[in-house]
Amino acid sequence: MTNIAVVFAGGVGARMAHSSRPKQFLEIHGRPVIVHTLDVFQQHPDIDAIAVAILPEFRDYLESLVKRYELTKVKWVVDGGSTGQESRHNALKVVAANNDPDSLVLVHDGVRPLIDADLVSRNIETALEFGSAVTCTKMTETVVVEEGAGIKDVIPRDPLWTAQAPQTFRLGDALDGYDRAVAEGENDSIDTCTLMHSFGYDVHRVEGPRTNIKITTASDYYVCRTFLTLIEDREAFGGE
């Protein structure tokens, strides 16, 4: 059984208002965000290979980072598309050309670096048992439905979770889902969970930590930097 991380990092950081670089290449503690993310999969003993989808104009730079930081499990660097769905699909097609359809693919955001080995392991274990595993966090805030400037409805939050990443599926199932989406004219689905669920695939939940944030805005970047500092301090000095 092969376990492959499929990391997409094709964004240009439009919401990082004052940054001249895509958010995946912003540095935290001297290493780009994408390197922090890839290194989690690099260090995990059950991850066999990594595929990365990146905008073509940043491909050479990413490949230089892979060499510099000795990310030896990165086997494929793939040109991303105009949407996240297209980038994920491009990577899945390359992975499928080189691996058995029963392999597991852990689809992950390049700008979500605060995952850890335990979360990766539980994704793999759950997907092996059920065929899929989507990292989720319990909703803790009140959810409302807007109506103009008012509130139309308040939704009970007890059954609500937010889907994050990794999102893990059998390679053959994931590729079939993405192929079907394109055939039916869908080219910009929000994530693999949404796409697969819409086609009737069973989707199983894995609870993830609330620190598993995606860097989308400047404030996300500062929060992520704080958490990575805490992690480095704990590794350096011990303690919880």
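Keep in mind the model is a prediction, meaning the values are calculated, not measured.
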- Task: Could you tell me whether the side chain of R59 and the main chain of V77 form a donor-acceptor pair under 3.5 Å?
- Result: yes
- Does the T194 side chain pair with the main chain of I190, one donor and one acceptor, at a distance under 3.5 Å? no
Joint cluster assignment, [X] & [Y], ILVMFWY side-chain distance < 4.5 Å:
X    : Y    : result
W161 : V134 : no
V144 : L160 : no
V66  : I47  : yes
W76  : F169 : yes

- Item | Plane angle bin for H204 and F130 - parallel if under 30°, tilted between 30 and 60°, otherwise perpendicular | parallel
- Task: Evaluate the ring planes of F41 and H108, with Trp represented by its six-membered ring, and classify them as parallel (under 30°), tilted (30 to 60°) or perpendicular (over 60°).
- Result: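 Taking H108 first and then F41, their aromatic rings stand perpendicular (interplane angle over 60°).
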- Item | Heavy-atom side-chain contact between V111 and T37 under 4.5 Å | no
- Please tell me if the side chains of V33 and I28 come closer than 4.5 Å, counting only heavy atoms from C-beta onward. yes
Does the distance from a Lys or Arg side-chain N to an Asp or Glu carboxylate O, for [X] and [Y], drop under 4.0 Å?
X    : Y    : answer
R180 : E184 : yes
R31  : E27  : no
K23  : D220 : no
D109 : R112 : yes
R170 : D102 : no

- Query: Among side-chain atoms of E86 and N90, is any donor-acceptor pair under 3.5 angstrom?
  - Reply: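 Short answer, no.
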- Item | Side-chain H-bond candidate by donor/acceptor type, T72 with Q42, under 3.5 Å | yes
- Message: Could you go through D100 and T2, starting from their C-alpha distance and side-chain angles, then the distance that decides it, and tell me whether this counts as side-chain contact (heavy atoms from CB on, under 4.5 Å)?
- Response: CA-CA 8 Å; D100 189 277; T2 304; over 6 Å; no
- Task: Go through the steps for D60 and E63 under the test side-chain contact (heavy atoms from CB on, under 4.5 Å), then give the verdict.
- Result: CA-CA 5 Å; D60 289 345; E63 290 178 341; 4.0 Å; yes
- Query: What's the verdict on salt bridge (charged side-chain N to carboxylate O under 4.0 Å, His left out) for D191 and R88, showing C-alpha distance, side-chain angles and the deciding distance?
  - Reply: CA-CA 9 Å; D191 62 4; R88 294 187 293 270; over 6 Å; no
- Query: Counting only heavy atoms not in K93, do more than 12 fall under 6.0 Å of its NZ?
  - Reply: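 Yes, NZ of K93 has more than 12 neighbouring heavy atoms, counting only those of other groups under 6.0 Å.
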